[in-house]
Enquirer: 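One structure follows; several queries about it will come next.
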Amino acid sequence: MSGMFITFEGPEGAGKTTIIHMIHDQLKKEGYDVILTREPGGITIAEQIREIILNPANTAMDARTEALLYAAARRQHLVEKVVPALEHGKIVLCDRFVDSSLAYQGFARKLGIEEVYQINQFAIEDIMPQATLFFDIKPELGLERINKNKEREVNRLDLEKLEFHHNVRKGYLKVIEKFPNRIYSIDASKTIEEVYQVAYEKLISILNK
Ligand SMILES: Nc1ncnc2c1ncn2[C@@H]1O[C@H](COP(=O)(O)OP(=O)(O)OP(=O)(O)O)[C@@H](O)[C@H]1O
Ligand SMILES: Cc1cn([C@H]2C[C@H](O)[C@@H](COP(=O)(O)O)O2)c(=O)[nH]c1=O
């Protein structure tokens with residue numbers, strides 16, 4: 001595959017979606033062949049799975065069911081959208097990927113990072129991003145940001161206790177220890193413009209490697 005697969009990760013309200021759109025628009029302006037997508041979602045079947053996972057009414061969902069549904073959405077999105085784009089030499093910017101499952105289901109839901117990585121292997125068949133930007137934020141600040149945004153739909157995971165969101169961040173820090181050469185950490189507590197500048201420069205350096 002000749003393209004470049006780059007993922008954006010972080011806890012709730014870190015600013016990933018804001019920054020990934022800004023970077024996508026800028027790269028397009030500069031003439032890069034780039035697409036922007038997201039997980040869970042990005043294609044019809046995976047968006048349908050997203051509705052089930054994130055529906056606040058689905059309070060009975062078991063943690064393993066949740067992990068398997070994320071992996072199923074991931075599989076379909078990979079084969080239907082990501083892999084074909086990479087085969088056409090495109091840069092694929094993806095809002096969340098397998099590291100989210102490791103941090104949220106593996107660590108915060110206590111299923112085990114290695115166990116969740118194993119079940120995801122069936123879905124991803126060793127396809128991993130070449131680089132990942134991790135937007136690091138304290139959960140209190142991330143949640144304050146999303147609560148201020150009245151247009152954003154509240155999802156089932158947003159409603160978890162603060163302790164869960166602290167564990168998500170701790171989970172990400174463990175995932176970075178597992179993949180230190182792939183994941184770049186960015187301080188996401190700064191202003192949108194400051195975070196964008198750091199993320200954009202990092203991305204350009206990755207593309208020029
Ligand atoms: N650096 C920033 N400073 C202040 N507000 C920000 C910053 N970045 C994003 N925001 C605002 O915070 C809210 C959440 O941002 P965004 O949706 O980009 O985060 P996210 O990481 O994608 O969150 P989630 O994964 O929970 O959807 C939005 O209202 C956005 O405008
Ligand atoms: C891919 C993935 C996502 N999640 C969680 C993280 C968020 O709470 C939602 C997605 O919402 P967003 O606004 O699009 O960020 O799903 C997860 O727990 N595990 C995953 O693998």
Side-chain angles (χ1 to χ4, degrees), residues 6-24 36 38-41 50-63 66-67 69-70 73 93-113 115-117 129 131-180 182-203:
I6 300 170
T7 57
F8 286 51
E9 292 282 354
E12 312 299 327
K16 301 172 296 302
T17 309
T18 305
I19 303 295
I20 202 172
H21 277 92
M22 292 169 78
I23 289 184
H24 171 256
L36 165 57
R38 72 165 179 181
E39 275 205 2
R50 179 186 175 98
E51 295 274 329
I52 297 169
I53 307 174
L54 296 181
N55 185 341
N58 287 335
T59 50
M61 192 175 293
D62 170 73
E66 183 181 282
L69 286 173
Y70 278 116
L93 304 179
C94 188
D95 192 342
R96 299 191 181 277
F97 188 61
V98 73
D99 297 325
S100 285
S101 284
L102 305 184
Y104 282 78
Q105 283 68 52
F107 194 79
R109 290 275 191 238
K110 304 187 174 22
L111 294 179
I113 288 179
E115 287 77 356
V116 172
Y117 191 52
T132 297
L133 303 186
F134 169 63
F135 293 79
D136 191 16
I137 193 138
K138 296 222 166 83
E140 289 84 351
L141 180 54
L143 294 173
E144 186 187 309
R145 284 180 184 171
I146 62 172
N147 289 333
K148 262 197 213 154
N149 183 350
K150 299 297 171 207
E151 282 159 33
R152 184 182 185 282
E153 259 182 49
V154 175
N155 73 46
R156 193 171 54 84
L157 279 89
D158 295 340
L159 297 172
E160 288 290 341
K161 294 200 177 91
L162 183 61
E163 190 195 351
F164 176 85
H165 296 288
H166 273 287
N167 283 333
V168 168
R169 179 165 181 267
K170 279 190 202 154
Y172 271 120
L173 300 180
K174 293 203 176 289
V175 175
I176 294 173
E177 280 172 23
K178 181 173 167 70
F179 300 109
R182 170 172 60 82
I183 308 180
Y184 302 91
S185 190
I186 290 174
D187 177 359
S189 67
K190 306 234 168 91
T191 66
I192 292 179
E193 211 33 63
E194 285 168 328
V195 178
Y196 168 72
Q197 260 327 309
V198 174
Y200 172 76
E201 278 162 29
K202 189 76 233 164
L203 205 99

Enquirer: So which pairs with a foot in residues 139-164 pass ring-ring contact (aromatic ring centres under 6.0 Å, His included), sequence neighbours left out?
Expert: none
Enquirer: Using the test salt bridge (Lys or Arg N to Asp or Glu O under 4.0 Å), find all partners of Lys138 that sit at least two apart in sequence or belong to another chain.
Expert: none
Enquirer: What residues, two or more places apart in sequence or in another chain, satisfy ring pair (Phe, Tyr, Trp, His ring centres under 6.0 Å) together with Tyr196?
Expert: Tyr200
Enquirer: If I take atom CG from residue Leu93 and atom OG1 from residue Thr7, how far apart are they, to the nearest 0.5 angstrom?
Expert: 10.0 Å
Enquirer: Got a sec, which residues hit salt bridge (Lys or Arg N to Asp or Glu O under 4.0 Å) with Arg156, two or more places apart in sequence or on another chain?
Expert: Glu66
Enquirer: Please list, chain by chain and in numerical order, all residues satisfying side chain to side chain contact (heavy atoms under 4.5 Å, CB included) with Ile146, sequence neighbours excluded.
Expert: Glu12, Leu143, Arg152, Asp158
Enquirer: At what distance, to the nearest 0.5 angstrom, does CD of Glu51 lie from CG of Asn155?
Expert: 11.0 Å
Enquirer: Please answer whether the main-chain N or O of Phe97 pairs with a side-chain N or O of Glu9 as donor and acceptor at a distance below 3.5 Å.
Expert: yes
Enquirer: Rounded to the nearest 0.5 Å, what separates atom NZ in Lys150 from atom CG in Asn147?
Expert: 6.5 Å
Enquirer: What distance separates Leu36 CG from Ile6 CD1, expressed to the nearest 0.5 Å?
Expert: 12.0 Å
Enquirer: Determine the sole option in Leu133, Ile186, Ile19 for which the side chain to side chain contact (heavy atoms under 4.5 Å, CB included) test with Val198 is passed.
Expert: Ile186
Enquirer: Only counting residues at least two apart or in another chain, list the ones meeting salt bridge (Lys or Arg N to Asp or Glu O under 4.0 Å) with Asp136.
Expert: Arg169
Enquirer: Which atom names give the shortest non-hydrogen contact between Leu159 and Pro56, and what distance separates them?
Expert: CD1-CB, 4.0 Å
Enquirer: My understanding is that only residues two or more places apart in sequence, or in another chain, count here; which of them pass side chain to side chain donor-acceptor pair (under 3.5 Å) with Glu144?
Expert: none
Enquirer: Let me confirm one number: the CD1-CG distance from Ile23 to Leu203, rounded to the nearest 0.5 Å.
Expert: 5.0 Å
Enquirer: In chain order, what residues pass the side chain to side chain donor-acceptor pair (under 3.5 Å) check against Glu194, with sequence neighbours excluded?
Expert: Thr191
Enquirer: Please name all residues satisfying ring pair (Phe, Tyr, Trp, His ring centres under 6.0 Å) with Tyr117, sequence neighbours left out, ordered by chain then number.
Expert: Phe179
Enquirer: Would you please name every residue forming a ring pair (Phe, Tyr, Trp, His ring centres under 6.0 Å) with Phe8, sequence neighbours left out?
Expert: Phe135
Enquirer: Check whether more than 12 heavy atoms from other residues, nucleotides or ligands sit under 6.0 Å from atom NZ of Lys190, and answer yes or no.
Expert: no
Enquirer: Do you know which two heavy atoms are closest between Val168 and Ala108, and how far apart they sit?
Expert: CG2-CB, 3.8 Å
Enquirer: Any chance you could measure Arg50, atom CZ, to Leu69, atom CG, to the nearest 0.5 Å?
Expert: 13.5 Å
Enquirer: Taking Asn58 for the side chain and Ile52 for the main chain, is one N or O donor matched with an acceptor at less than 3.5 Å?
Expert: yes
Enquirer: Does any N or O in the side chain of Arg96 come within less than 3.5 Å of the main-chain N or O of Gly10, such that one atom is a donor and the other an acceptor?
Expert: yes
Enquirer: Who are the salt bridge (Lys or Arg N to Asp or Glu O under 4.0 Å) partners of Arg145, not counting sequence neighbours?
Expert: none
Enquirer: Under the side chain to side chain donor-acceptor pair (under 3.5 Å) rule, collect the residues that match up with His21, sequence neighbours excluded.
Expert: none
